[in-house]
Every structure is written in C-alpha cells, then in structure tokens.
Amino acid sequence: MGQHVRAMLALQRMGAVTFDYGNNLRTQAKRAGVEDAFEIPGFVPEYIRPLFCEGRGPFRWAALSGDPEDIHITDKLALELFPHNETLKRWMKLASEKIHFQDCPREFAGWGMASAPNSDWP
C-alpha cells in the first residue's frame with residue numbers, strides 16, 4: 001500500500017486528481033512509512049461534504065418491492081420536483097441507459113434542496 005500511495009502522490013504532483021475513497025489506504029501507507037500519505041484528500045471531505053453544505057446530496061433510494069418500475073416512478077417524481085436541475089436530468093437519463101438493476105432495484109442521485117418546490121424543506 002505504501003508503494004501504491006507513493007505512486008498516487010507522484011501523479012498528484014504532476015497534476016492528477018487524486019483521492020482516497022475511504023478504504024483506509026492512506027492510514028496503511030502512513031504505517032508503512034509514507035509520511036505525506038494524507039496529502040491525498042479523502043473523497044467524502046473533498047467532493048461530497050461541500051455538496052451537503054449547499055443542501056445538495058447524493059441520495060439513494062431502493063424499491064423494496066423488488067419491482068424496477070417503482071424506481072422509475074420515483075425517478076419521474078424527482079424530475080417533476082426539480083424540473084430546472086440539469087445535472088439531475090442528465091444523471092437520470094444516463095442512469096436509465098447505463099445502469100442495470102442488481103438484486104433489489106435502487107437508484108443514486110443528487111439534487112439541491114434549495115431548488116425544492118417548498119422552501120420550508122430543510
């Protein structure tokens with residue numbers, strides 16, 4: 001893991017976007033002697049937390065019924081509630097074309113609560 005993180009740090013110094021996805025890679029590399037392992041940011045603090053600060057998310061939903069149509073209904077409702085969110089529209093289109101349900105149907109998306117139709121939403 002130390003060798004892997006050293007390679008990631010070298011790529012980062014060359015300008016590559018580099019992050020740890022939360023698999024404890026940096027901690028193990030530091031234990032292996034890579035003192036600057038934490039120069040690589042974590043994915044959640046770097047990319048997800050700023051979204052939460054804006055009232056945005058990634059959000060997940062699952063169809064416990066096992067019926068993929070329930071996900072499609074939920075997707076349609078999300079698009080109706082956030083009609084001006086181009087990122088959400090793009091994601092829903094791509095997800096419907098590229099992501100196949102496995103096991104229990106589920107979806108993953110993000111939108112800004114600030115764009116919700118009811119401004120009283122948290």
Side-chain angles (χ1 to χ4, degrees):
M1 287 189 200
Q3 184 177 2
H4 185 89
V5 169
R6 283 186 196 94
M8 291 172 69
L9 287 162
L11 289 168
Q12 184 184 53
R13 285 190 288 276
M14 290 186 280
V17 174
T18 310
F19 57 85
D20 175 356
Y21 196 67
N23 56 10
N24 209 23
L25 182 64
R26 296 172 298 167
T27 299
Q28 297 306 318
K30 187 162 178 99
R31 287 181 180 166
V34 182
E35 292 303 316
D36 56 348
F38 282 88
E39 293 298 315
I40 297 170
F43 181 79
V44 170
E46 190 74 9
Y47 299 103
I48 302 300
R49 191 171 295 142
L51 295 175
F52 286 146
C53 291
E54 296 174 5
R56 301 172 66 84
F59 301 95
R60 293 180 183 205
W61 49 91
L64 299 180
S65 65
D67 185 353
E69 185 58 27
D70 289 344
I71 292 294
H72 299 304
I73 291 168
T74 304
D75 290 352
K76 182 179 177 211
L77 179 60
L79 290 168
E80 288 173 9
L81 288 170
F82 301 94
H84 303 294
N85 188 318
E86 295 302 320
T87 303
L88 180 64
K89 287 180 191 177
R90 181 176 180 273
W91 168 253
M92 293 292 192
K93 179 181 182 303
L94 288 171
S96 69
E97 295 170 359
K98 308 276 185 193
I99 297 176
H100 303 287
F101 295 125
Q102 299 174 2
D103 304 322
C104 183
R106 59 196 169 273
E107 184 63 276
F108 176 83
W111 60 80
M113 293 308 292
S115 65
N118 180 344
S119 61
D120 293 336
W121 287 17

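All of these numbers come straight from a predicted model, not from anything done at the bench.
- Looking only at distances, a side-chain donor or acceptor of K89 sits under 3.5 Å from a matching main-chain atom of P83.
- Put simply, NZ on K76 and CD1 on I71 are 15.5 Å apart, with the number rounded to the nearest 0.5 Å.
- Taking a cutoff of 4.0 Å between a charged side-chain nitrogen and a carboxylate oxygen, R90 and E86 do not qualify as a salt bridge.
- Pairing each heavy atom of P50 with each of P45, the nearest pair is CD-O, 3.5 Å.
- Here the CD1-CD distance, from I40 to E46, works out to 11.5 Å after rounding to the nearest 0.5 Å.
- Qualifying ring pair (Phe, Tyr, Trp, His ring centres under 6.0 Å) partners for F38, counting only residues two or more places apart in sequence or in other chains: none.
- Clustering ILVMFWY residues whenever any of their side-chain heavy atoms sit less than 4.5 angstrom apart, transitively, puts L94 in a cluster other than the one holding M92.
- We find the CD1-CG distance between I73 and D67 to be 7.5 Å, quoted to the nearest 0.5 Å.
- If you chain together hydrophobic residues whose side chains sit under 4.5 Å apart, L9 and V17 never meet in one group.
- In this structure, CH2 on W91 lies 10.0 Å from CG on D75, to the nearest 0.5 angstrom.
- Screening residues 10-20 for side chain to side chain donor-acceptor pair (under 3.5 Å), with sequence neighbours left out, gives D20-R26.
- Residues passing the salt bridge (charged side-chain N to carboxylate O under 4.0 Å, His left out) test with E69: none are found, sequence neighbours excluded.
- For the atom pair CG of N24 and CZ of R31, the computed distance is 6.5 Å after rounding to the nearest 0.5 Å.
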*Mind running side-chain contact (heavy atoms from CB on, under 4.5 Å) on V34 and D36 for me, showing each step along the way?*
CA-CA 6 Å; V34 182; D36 56 348; 3.5 Å; yes
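- For the atom pair NE2 of H72 and CG of L77, the computed distance is 14.5 Å after rounding to the nearest 0.5 Å.
- If you chain together hydrophobic residues whose side chains sit under 4.5 Å apart, F19 and M8 never meet in one group.
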